[in-house]
2 protein chains.
Amino acid sequence: MADTTPTTGHRGPDHRATVRDVARRAGVSPGTVSKALNGTGQISSATRERIRSAAAELDFRPNALARSVFGRRSFTVGVITTDSFERFSVPVMLGAEDALGAGRMSVFLCDSRGDPIRERHYVEVLLERRVDGFIVTGRSSNQRPPLAGTGDLPVVYALTPSADQQDCSVVVDDRTSGTLAGEHLLRLGRRQIAHVTGPDDFDAVHQRLAGLRTALQAGDATLVGAPMFGGWTEAWGRQATQILLRAHPEIDAVHYGSDLLARGGIDALRDLGRRIPEDVAITGTDNWELLTEGARPPLTSVDMGLAEVGRTAAHRLLDAIDGRPHAGREQVGCHLVVRASTDGTA
Amino acid sequence: MADTTPTTGHRGPDHRATVRDVARRAGVSPGTVSKALNGTGQISSATRERIRSAAAELDFRPNALARSVFGRRSFTVGVITTDSFERFSVPVMLGAEDALGAGRMSVFLCDSRGDPIRERHYVEVLLERRVDGFIVTGRSSNQRPPLAGTGDLPVVYALTPSADQQDCSVVVDDRTSGTLAGEHLLRLGRRQIAHVTGPDDFDAVHQRLAGLRTALQAGDATLVGAPMFGGWTEAWGRQATQILLRAHPEIDAVHYGSDLLARGGIDALRDLGRRIPEDVAITGTDNWELLTEGARPPLTSVDMGLAEVGRTAAHRLLDAIDGRPHAGREQVGCHLVVRASTDGTA
DNA sequence: ATGAAAGCGCTAACAC
DNA sequence: GTGTTAGCGCTTTCAT
């Protein structure tokens, strides 16, 4: 019977070479090909080389699917965001993908848009794809219900922690962010420090405020006026700043719970004729460069380390997949980036 | 020999039920389970129901990997971004994931960070995972070299088109964005219109400018002063605006090539004591709500339809996977979002 | 309508 | 060292 396989080994445009094709071409058995290409078992370097070149000539690419059916791992993880990739979860996902890719893992991207039905659906789909684990990320520091239906697969929560304290969650250090800002302002000699921040129902808002207060107390100072809770908008940043400075003209520094709020604050202070930082020093939170660099003057801000949250979450997940689970919440450090809004020489 | 399988069918925490388990429990053969669950073949509704409940009781989840090994599709696609998920590729990816998820496809997320080595690596990995196709997205409208090494798999370029005109690319309509802004400003009665935009080496910059000029010519107007090419920064928006208004105090409108530039422009105009929109009307490009809504006054801007680019790219890819390939570049429409920076009553 | 058997591409045990 | 065999979980003829 004629061999229908041409010598090139190519069998039409949409056929891919298999171990069998490579084996035939190298004159060995499929099992040997597997060993040679994976470095398992004992193979003479002569045949290994022959197999290598046969594989190369056929443009052979091992089928990861088939491989995973056999093995117990797929080397994939699902990343579920509830945040529609708004600015907070993006850096987290980026960091996670970075760390996971280095570990030869691929990432399934899922956007649940905060809808539990969609989230449930994605879990189902990912389970069918036999992911090795999940990373769940959200928008705020407020805790969320644990991801349901994942069986015994490891789950790591990033940015938005699980309500179950035993689950592995990697979060930012909101408290310290406030402390860093406060300490910085005190170090500059400011004593009349106010705070403008986001909505009352954000955990991050209260943590940041608590951290700020801690720093002020340690420096024998107290917050000027009440903390200004409101929306995460520039408009609120402007309005709150006007209110504050009207009531407390002695204010010489304001710490803002976000960079957007701080941008509004800068606008308002300019309108009021206050110089930054000579009259009033300004600090923001998030260190979102797009906003901080373009500000007049450029804005000192606390970098929450979002990418690091993603990377750390990925490492915790990899550990869990390798049988070394982590439990509880872990905080990633934040750091202050000083710019001209507090340091005129910067 | 004793049957070691307990009647519950569960075989330890990390064992997952297979068709065989379901078959045993329902008292049928594996093949029948497959047919029943997939709706193929002829099954009596009685046994179908029995199989269904057996599957449910065992929490059976078909292994998508095994299924794909057999079939010719994996129902996965790779999305490669060169943009580190900066603000342009994010909405595109979001739109793509949305459209693909509806088609029961899962998305592998890959961030090449613009590094050709990494890109190549990702292509390899994704080929091994037997993706059904690729979406490539980038940061700008500048074309890029075709994705190499994808064999005969379909590739769709989103936002950043392929240099090969025959490849399927889905892009924004930069030209029309300029036209829309120009027409809007003319309609408001403005005649002294200037333009501040990004670097000279961006295709988008030239297209947007050309579109703007088209509109002005149609309205028997011409651009005031030279187009101001510079960085995509607020600082350039401020500086360029100052230069323009010093040289041409008669300017009654400025169209900006990005919202960030426009924000800078607004600041500069305020410094110069010009009222917006009474003295000078302002339009931006991108309609990035974070920047447009917080501006004083809120900024009229052209929405480039990035999510729609992603969704369209996904649909083109799905078509190609289904054997109906598209070729050439396709533009997605943009639209103007009017706010108070051009319409004082908005 | 259901079962038996073969096979997808790969790997791992065990021969030789 | 290398080949043979069996099997991963699923689907799909082909019998019955």
Side-chain angles (χ1 to χ4, degrees), chain A residues 5 9 11-12 14-52 54-55 58-76 127-132, chain B residues 5 9 11-12 14-52 54-55 58-76 127-132:
Chain A
T5 308
R11 302 199 243 150
D14 47 336
H15 189 277
R16 302 170 128 93
T18 74
V19 271
R20 239 186 303 278
D21 300 323
V22 177
R24 198 176 315 149
R25 183 164 245 260
V28 294
S29 76
T32 309
V33 171
S34 173
K35 290 170 203 155
L37 263 29
N38 293 313
T40 51
Q42 319 266 48
I43 303 283
S44 77
S45 52
T47 39
R48 161 165 294 131
E49 214 27 67
R50 199 147 38 86
I51 290 173
R52 272 205 205 302
L58 293 178
D59 199 28
F60 169 72
R61 245 173 275 276
N63 185 328
L65 272 39
R67 191 178 265 173
S68 299
V69 170
F70 192 90
R72 65 190 299 89
R73 291 182 53 178
S74 67
F75 291 91
T76 59
L127 285 177
E128 293 189 357
R129 299 210 183 273
R130 295 300 189 261
V131 293
D132 297 331
Chain B
T5 308
R11 304 199 242 150
D14 49 337
H15 189 279
R16 303 170 127 91
T18 72
V19 271
R20 241 186 303 278
D21 300 322
V22 177
R24 198 175 317 147
R25 183 165 245 261
V28 295
S29 76
T32 309
V33 171
S34 173
K35 289 169 204 154
L37 262 31
N38 294 312
T40 51
Q42 320 266 50
I43 303 283
S44 77
S45 52
T47 40
R48 161 166 295 130
E49 214 28 65
R50 199 148 37 87
I51 290 172
R52 272 205 206 302
L58 293 178
D59 200 26
F60 169 73
R61 245 172 276 275
N63 185 327
L65 272 39
R67 190 177 266 173
S68 298
V69 170
F70 193 90
R72 64 191 297 93
R73 289 183 56 177
S74 68
F75 292 92
T76 60
L127 285 177
E128 293 189 356
R129 297 207 185 275
R130 296 299 189 262
V131 293
D132 297 331

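The structure displayed is predicted, hence computed values, not measured ones.
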Notebook entry, point to check: Do any of residues 32-45 of chain A sit with a heavy atom less than 4.0 Å from DNA chain C, and if so which?
Noted result: A:Ser34, A:Lys35, A:Asn38
Next item on the list: With DNA chain D as reference, determine whether B:Ala66 or B:Gly31 sits nearer its 5' end, using the nearest nucleotide of each.
Entry: B:Ala66
Looking at [Y], is its backbone amide N or carbonyl O close enough to the side chain of [X] to form a donor-acceptor pair, meaning the two atoms are under 3.5 Å apart?
| X | Y | result |
| --- | --- | --- |
| A:Arg129 | B:Ala64 | no |
| B:Asn38 | B:Thr40 | no |
| A:Arg50 | A:Ala26 | yes |

Taking only side-chain N and O atoms of [X], does any of them lie within less than 4.0 angstrom of OP1 or OP2 on [N]?
| X | N | answer |
| --- | --- | --- |
| B:Arg20 | D:dC8 | yes |
| B:Arg130 | C:dG9 | no |
| B:Ser29 | C:dG3 | yes |

How long is the line joining [atom1] of [X] and [atom2] of [N], in whole Å?
| X | N | atom1 | atom2 | answer |
| --- | --- | --- | --- | --- |
| B:Arg67 | C:dG7 | CZ | C1' | 17 Å |
| B:Ile51 | D:dT11 | CD1 | P | 12 Å |
| A:Arg72 | D:dG9 | CZ | P | 11 Å |
| B:Arg16 | D:dC8 | CZ | P | 16 Å |
| A:Leu65 | C:dT11 | CG | P | 12 Å |
| A:Asn63 | C:dG9 | CG | P | 8 Å |
| A:Phe70 | C:dT11 | CZ | P | 9 Å |
| A:Arg24 | C:dC10 | CZ | C1' | 15 Å |

Item checked: Check against side-chain contact (heavy atoms from CB on, under 4.5 Å), B:Thr47 and B:Thr32 -> CA-CA 9 Å; B:Thr47 40; B:Thr32 309; 5.6 Å; no
Next item on the list: Measure the spacing between CZ of B:Arg16 and CG of B:Asn63 and express it to the nearest 0.5 Å.
Entry: 8.0 Å
Checklist line | Spatial distance of atom NZ (B:Lys35) from atom CD (B:Gln42) [nearest 0.5 Å] | finding: 10.0 Å
Checklist line | Closest approach of A:Ala55 to A:Val22 (non-hydrogen atoms, all atoms of both residues) | finding: N-CG1, 3.9 Å
Note to self: Need one value for B:Thr47: base, sugar-phosphate or nothing, where a base atom within 4.0 Å counts as base even if backbone is also close, heavy atoms only.
What the structure shows: sugar-phosphate
Margin query: Using the side-chain heavy atoms of B:Phe60, tell me which of these nucleotides is nearest: D:dC10, C:dC10, C:dA4.
Written below: D:dC10
Check: The side chain of A:Val19 lies closest to which of these nucleotides: C:dC8, D:dC8, C:dC10?
Finding: C:dC10
Margin query: Closest-nucleotide mapping onto DNA chain C: is B:Gly27 or B:Val69 further toward the 5' terminus? I mean the 5' end.
Written below: B:Gly27
